[in-house]
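Below is one structure; the comments refer to it alone.
Proteins come first, then strands; the chains are lettered A, B, ... in the order of their sequence lines, and each starts at number 1.
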Amino acid sequence: MNLDWSESQELLRKTARDFFARESPPAKVKQLEKTPARQDPDLWRKIASLGWLGLPFPEKYGGANGSFLDLVALLEEMGRAAIVSPFLSSVVLSGDLLLKAGSDAQKERLLPAIANGSAIVAVALCESDASYAPDDVQLTANLSSPLEGEELSKREPSALRGEGASVPPWRLSGTKLFVLDGLSADHFIVAARTKPGKGPAGISLFVVDATSPSITRAPLASFGGEAQAEVRFDNVIVPDDALLGPLHKGWPLVRAYLRRGALAMCAQMVGGAQQALDMTVAYAKQRIQFGRPIGSFQAIQHKCADMATDVDTARYLTYYAAWKQDAKQQNALEISQAKAWLSDAYRRVAREAQQIHAGIAYVDDHDLQLYFRRAKAGEVLFGDADFHLREVASLLKL
Amino acid sequence: MNLDWSESQELLRKTARDFFARESPPAKVKQLEKTPARQDPDLWRKIASLGWLGLPFPEKYGGANGSFLDLVALLEEMGRAAIVSPFLSSVVLSGDLLLKAGSDAQKERLLPAIANGSAIVAVALCESDASYAPDDVQLTANLSSPLEGEELSKREPSALRGEGASVPPWRLSGTKLFVLDGLSADHFIVAARTKPGKGPAGISLFVVDATSPSITRAPLASFGGEAQAEVRFDNVIVPDDALLGPLHKGWPLVRAYLRRGALAMCAQMVGGAQQALDMTVAYAKQRIQFGRPIGSFQAIQHKCADMATDVDTARYLTYYAAWKQDAKQQNALEISQAKAWLSDAYRRVAREAQQIHAGIAYVDDHDLQLYFRRAKAGEVLFGDADFHLREVASLLKL
Amino acid sequence: MDFAYSKQERRFQKELHDFLTKEVPTDIKSRMLGQIESESGQAFQRDFIKKLIEKKWMAVSWPKEYGGQAKPAIEQLLYAWELSYFHVSPGQTGMSVVGPTLIHFGTEEQKQTFLPMIARGEVTFCLGYTEPNAGSDLASLQTRADRDGDDWVINGQKIFTSGADRSDYCWLAARTDQSVPKHKGISMFLVDMKTPGISVQPLITLAGYRTNITYWDNVRVPASRLVGEVNRGWYYAAAALDFERIALFPWGRLEYEFDELVRYCKGTMRGGKPLSKHPEVRKRVAALSIEMSAMKLLAVRAAWMIGRNRIPNYEASMLKMFATEFQQRLSNAGMQIAGLFGLLPDGAPHAALDGLINYRYRYAVMPTFGGGSSELMRNIIAQRGLGLPR
Amino acid sequence: MDFAYSKQERRFQKELHDFLTKEVPTDIKSRMLGQIESESGQAFQRDFIKKLIEKKWMAVSWPKEYGGQAKPAIEQLLYAWELSYFHVSPGQTGMSVVGPTLIHFGTEEQKQTFLPMIARGEVTFCLGYTEPNAGSDLASLQTRADRDGDDWVINGQKIFTSGADRSDYCWLAARTDQSVPKHKGISMFLVDMKTPGISVQPLITLAGYRTNITYWDNVRVPASRLVGEVNRGWYYAAAALDFERIALFPWGRLEYEFDELVRYCKGTMRGGKPLSKHPEVRKRVAALSIEMSAMKLLAVRAAWMIGRNRIPNYEASMLKMFATEFQQRLSNAGMQIAGLFGLLPDGAPHAALDGLINYRYRYAVMPTFGGGSSELMRNIIAQRGLGLPR
């Protein structure tokens with residue numbers, strides 16, 4: 001048992017905190033939020049130069065072979081600084097999907113590029129329901145029209161027929177919503193229906209060049225600050241080797257993606273909640289009303305105590321789930337517990353932070369609003385409390 | 001618009017408060033709770049002599065023709081004094097079922113007896129699920145075995161065949177749980193299945209003599225203080241004229257009973273919550289810790305403010321639903337709103353009252369415990385918050 | 001006990017409702033987001049005031065001798081409720097704060113100068129109360145007014161002076177006596193916003209609308225514009241605040257938000273069925289409906305007390321606290337029901353209820369501290385209402 | 001960061017678990033309701049202590065020279081957790097309060113007299129802290145001890161002296177100096193409960209078990225039974241309380257209650273399907289499972305800090321507050337799930353989980369004020385933990 005960070009993790013935390021304070025102060029974050037793509041190439045290059053974009057990748061792909069807890073350390077500081085970047089999408093999630101399911105060629109092509117910052121990869125999952133349920137995946141991936149006399153049943157893609165065989169490319173049609181970092185992405189990992197229907201069967205993943213002229217992208221200006229986009233695929237032709245992972249059986253990968261995304265969000269949210277608490281405590285100590293610091297009023301003290309309890313419980317639920325990940329233990333339950341808790345806890349913390357700051361933080365450019373808005377977005381992204389409570393109930397075998 | 005009680009209602013409230021303070025002080029209530037039947041014949045006689053047992057009945061049945069708000073005034077004082085009596089069962093609910101659905105003979109036989117206190121009538125509804133759902137009614141009422149050669153289909157009861165025809169009696173078999181005032185009752189109104197199955201169809205009500213030797217009763221010592229009983233009907237023979245209301249179509253009467261019970265509970269709960277608040281405020285003013293009355297601490301003040309808000313909102317939700325009842329307006333929505341709110345609000349008030357009283361009220365014979373326990377029982381009786389929230393959603397046509 | 005509205009009240013309510021349904025276009029209703037602070041919203045409000053004046057509905061609460069309708073408190077509540085349901089609240093500060101205070105405490109000259117203008121909607125006011133170091137502790141305000149000949153000279157800084165950029169006058173609290181305990185040395189002024197020395201700096205809020213910081217640099221105000229008596233300003237402000245909390249807070253907006261949320265739940269498919277058929281959504285909306293009813297009843301109680309000349313003290317605070325906290329729960333529930341679509345503000349494609357849900361979530365942050373924080377309201381309920389010791 | 005238990009910790013946990021599963025009969029488990037205070041429960045506990053002594057598991061936390069096992073903090077936590085899961089908590093006051101305090105602060109004679117007896121389970125203690133007018137404000141206690149020759153003479157009244165009727169000694173806080181600020185004049189005594197002048201009056205609690213009022217009328221205690229130094233009692237009590245809050249609070253009981261509730265939900269049909277298939281129940285139980293995990297992690301953190309010789313200050317208070325409030329939410333959820341069946345206490349036919357649910361609901365009232373109220377815990381978190389000013 002050891003609840004301390006390792007020395008190298010402490011160094012990473014400190015480096016990250018100093019770096020973000022210097023390179024991505026709140027004023028800059030707020031400026032960035034006003035741009036459509038919400039991506040700062042300059043900041044991204046600097047992050048890349050620190051080696052963080054390959055943190056979780058094996059060394060052979062230009063990575064640092066870091067643990068999930070290393071990622072947590074970094075994500076927490078990102079959440080604390082409320083930075084806006086495609087780190088989660090590209091490094092934590094797309095990178096992991098490629099590592100898990102990519103062919104050697106896919107990995108060699110994309111992972112080093114992600115790690116050196118030259119490629120941003122984003123996942124396109126949600127559609128009109130935006131519910132993270134398999135039924136929401138309705139974008140179709142069809143094989144190109146059959147050659148004369150050819151039977152469709154023979155037109156299995158090479159993944160099923162062995163390497164080298166060539167088949168006509170896939171055609172993707174549909175609209176994805178809430179594609180995180182969808183405007184800055186160079187590639188998409190797209191969840192598509194390779195068999196029509198509902199439910200988890202028949203869903204496959206494809207790696208798609210985001211610059212295809214048949215792709216249209218538009219920002220969805222989430223008030224949470226994260227870079228959301230609507231992405232239309234209008235009969236986008238992708239080659240057969242774009243298939244990522246098994247044909248028709250991509251949903252388990254999506255589930256893994258959602259879980260990893262939820263846990264990574266938790267780490268960011270812990271950092272953000274801690275920052276909102278720290279700002280509030282500092283304010284309550286210096287703000288004088290009725291001749292006393294407002295932090296001396298019992299009502300304020302008790303609110304702060306509850307906020308601290310939310311932060312501490314959220315922190316350890318997150319660390320525990322992350323530790324299990326590194327220990328290669330089943331942690332779906334712990335992830336859903338942490339995310340369900342944080343979805344509410346961060347919002348509670350941010351809400352009380354606003355109440356204690358009162359008017360001064362109701363001004364649009366007050367730094368606290370970053371956290372108020374991040375808390376609400378974090379609550380919903382990768383499954384809200386209700387979603388994860390249902391998961392918990394199932395995992396408890398209720 | 002007038003939110004004051006009328007002069008006569010004010011008189012009723014004051015009379016009731018003085019009467020219960022004198023005749024049913026907390027010490028006496030707690031003694032009564034320790035007896036199996038939880039009914040004090042002496043107190044009952046005194047209440048009868050005040051005319052309150054006929055309060056809602058027409059004058060011709062020995063009643064006072066009171067409004068529902070009159071009842072609310074009285075029930076609120078009963079809740080404030082936390083008295084234990086079959087008033088709710090016998091007067092408010094059974095009396096109303098008889099008025100609504102009883103034959104002239106049934107009304108003439110029972111209502112004056114209820115009003116003068118010589119008969120106590122209790123409703124036997126719940127069974128093994130205790131869920132207030134129609135499926136929970138499984139006690140069977142069968143017509144006695146057919147005569148030789150007689151077809152069952154011809155054996156309709158007189159209610160269907162016109163007056164005067166005679167048929168063999170009904171036989172009731174099954175077990176009822178949570179029969180309020182089941183031990184002190186002289187008669188039961190029993191919900192039974194006259195057609196086997198589930199759902200609301202095929203349920204009929206019967207008025208049954210509680211002293212039948214085929215009826216076995218045992219107390220269910222609810223910690224809430226109310227007089228619950230298990231009542232077994234072992235092939236109890238009841239005459240054809242025991243049928244109350246329409247054959248097979250008794251469920252609407254049960255629904256009306258549940259709604260009226262819920263609203264009457266609300267009135268009692270408002271009185272109890274107010275009393276718990278009053279006790280707590282009084283205690284917080286006189287209890288000194290750290291050299292000050294604890295009521296001067298902001299944490300205590302804010303708890304008390306929340307309690308007062310719970311009480312006031314509960315009070316007006318209840319009065320509004322009751323007023324609509326008297327105004328002959330649909331009030332199913334308002335009743336379910338009030339009961340869902342009170343189920344939580346009274347418990348919150350009682351819980352904070354305990355926390356502010358701390359140790360002293362954790363002693364079993366402290367008066368506050370009456371309210372702590374009543375609050376929990378009241379929460380569940382006649383539908384808990386979840387039950388009534390479902391009702392509200394349906395009534396809002398969601 | 002009788003919760004029924006009188007025939008006259010019902011008639012007034014119906015008349016209002018019919019008028020508003022006719023006069024307030026649906027597209028304004030559905031796009032009311034921050035409109036009150038927007039240019040187009042302002043233009044609409046100005047036009048709308050003329051129609052209200054035609055209907056003699058501008059100064060419903062005022063005595064007839066000042067151009068009012070002398071409507072009883074319940075009708076005032078109905079008026080405020082209906083107007084706020086339709087998101088029109090013309091001349092709020094003038095009607096609800098300045099007017100009533102002048103009627104009760106103003107000099108004859110002030111009444112004659114200002115009341116007819118207010119009643120005709122010809123003049124707008126901003127409130128100059130809060131300062132950077134005087135929020136909940138308003139009595140510690142430091143903006144000072146020093147007597148100089150026939151004038152008062154005002155120096156200081158105010159914050160959250162909403163509407164300062166487009167108001168004709170400021171209803172300003174300033175310290176006129178430094179030597180007495182803090183709430184005893186405050187006076188209230190009617191300051192023409194064109195007076196030299198006033199500068200206005202915008203502050204954009206979380207909800208997107210504009211408020212201001214105002215700087216007061218040797219602003220000269222004639223002595224005749226000191227309201228009522230010198231050093232009595234604190235009592236005037238307190239009286240106005242009590243009044244404002246009850247009748248004219250825009251609680252009708254919450255009902256509109258609730259109704260729109262219900263419409264959204266019924267009309268939005270999720271997982272193959274309307275949101276309103278999801279058990280979690282049903283439960284949440286049902287619970288909100290109860291709080292909605294409770295809030296209305298608290299509002300009715302306060303108005304009824306005023307109508308009976310009973311002074312609601314803790315009852316007004318309870319209403320304010322409950323309604324504003326309910327508004328947060330309501331808007332939060334809306335966000336939770338809308339999911340990712342709730343993250344999108346007004347103007348973004350796919351925004352839930354055209355961004356209403358998102359706007360309200362951001363807006364609802366403010367009322368629990370603006371106009372008396374929930375913490376202060378709880379202090380008042382405990383001390384004034386329950387008699388707990390300070 | 002590493003949440004794994006060491007091999008040794010896991011072995012200890014497994015050994016404990018196997019032992020307890022074998023030694024604690026199911027019917028005690030299922031009928032543990034208030035057993036700790038009942039005759040049969042007491043008899044079981046006495047027998048059980050002998051078995052613990054055989055296993056050398058009685059004084060796991062103490063230094064070896066005092067008959068202990070000197071187990072590290074994490075193993076102490078596992079020990080407390082497992083034992084409380086099985087509802088056996090032998091000699092809690094002696095082991096967790098008296099023993100450690102004597103080890104740190106007692107005189108040599110006190111250590112030699114008491115520690116072996118405690119370690120062998122031969123002596124029981126009650127806590128004499130709270131007085132009718134000294135609850136949260138414990139330092140205002142008025143029971144006095146006056147020096148008279150070689151004795152101290154004690155006069156006063158204590159309340160909530162649980163176990164006073166069957167304990168050998170009272171661990172008594174009394175005022176030995178009236179002239180200094182209140183927490184500076186308190187000393188701690190070991191008082192033989194057979195000493196003349198002590199009378200014990202039962203108080204039955206809401207949960208059904210007995211506690212007591214004790215009256216102290218010229219009770220003579222030899223000076224050698226004043227613990228450590230005179231007037232240092234407040235610091236001893238505070239140190240003991242911090243210790244007690246962490247390791248030996250019976251948090252395992254909550255896990256047992258949660259597990260039993262899950263069993264109830266899975267095994268109880270309602271509306272034609274198990275309760276655990278009702279969406280509302282699933283959501284509620286899932287939420288409880290999260291709080292359960294959070295509580296465990298807070299407990300692990302506190303124990304781990306102690307193991308690293310870091311003193312948990314606000315962390316212990318946070319654990320105590322969170323766990324006791326969770327216990328109320330847990331027992332309340334149990335009652336809500338059980339519905340009418342939850343109203344029935346131990347012994348009533350049809351009682352949910354044989355009355356466990358009802359018992360726990362009544363019991364859970366107490367821990368949020370007993371042993372330091374939630375209000376005090378929040379003060380501590382805010383002031384000691386976050387550095388907010390007093």
What's the separation between atom [atom1] in [X] and atom [atom2] in [Y], rounded to the nearest 0.5 Å?
X	Y	atom1	atom2	result
A:T175	C:H350	OG1	NE2	7.5 Å
C:R270	A:D129	CZ	CG	6.0 Å
A:D386	C:I337	CG	CD1	9.5 Å
C:L343	A:L381	CG	CG	6.5 Å
C:E280	A:R390	CD	CZ	4.5 Å
A:E379	C:N332	CD	CG	6.0 Å

Please classify the contact of [X] with chain C as side chain, backbone, both or neither, using a heavy-atom distance under 4.5 Å.
X	answer
A:S343	neither
A:L177	side chain
A:Q354	both

Run the ring-centre check on C:F341 versus A:F178 and record whether the distance is less than 6.0 Å. yes
Suppose we call two aromatic rings close when their centres sit under 6.0 Å apart. Are C:Y359 and A:F223 close by that rule? no
Need one label for [X]: side chain, backbone, both or neither, based on atoms under 4.5 Å from any heavy atom in chain A.
X	value
C:T268	neither
C:N379	neither
C:R378	neither
C:Q336	both
C:A139	neither
C:N133	both

Where do C:F160 and A:V363 come nearest, in terms of heavy atoms and distance? CE2-CG2, 3.8 Å
Assess whether atom [atom1] of [X] is packed by more than 12 heavy atoms of other residues, nucleotides or ligands within 6.0 Å.
X	atom1	value
A:K195	NZ	no
C:K184	NZ	no
A:R217	CZ	yes

Using the ring of each side chain (for Trp, its six-membered ring), is C:Y361 parallel, tilted or perpendicular to A:F372, with breaks at 30° and 60°? parallel
Out of [options], return the one with the most heavy atom pairs under 4.5 angstrom to chain C.
options	answer
A:I300, A:L220, A:D384	A:L220
A:A130, A:A299, A:A361, A:A358	A:A358
A:E230, A:K198, A:R347, A:E226	A:R347

Within the 4.5 Å heavy-atom criterion, are [X] and [Y] side-chain neighbours or not?
X	Y	result
C:L206	A:H366	no
C:V365	A:R351	no
A:V380	C:L340	yes
A:F290	C:S140	no
A:Y362	C:L203	no

Taking [X] for its side chain and [Y] for its backbone only, find out whether a donor-acceptor pair lies under 3.5 Å.
X	Y	answer
A:Q289	C:L138	no
A:Q355	C:T368	yes
A:D364	C:I204	no

Output the option from C:G272, C:G271, C:A348, C:S374 having the highest count of non-hydrogen pairs under 4.5 Å with chain A. C:G271
Report the C-alpha distance between A:K303 and C:E375 in whole Å, list the side-chain angles of each, state the deciding distance to 0.1 Å, and finish with yes or no for side-chain contact (heavy atoms from CB on, under 4.5 Å). CA-CA 11 Å; A:K303 277 177 194 287; C:E375 289 77 16; 2.8 Å; yes
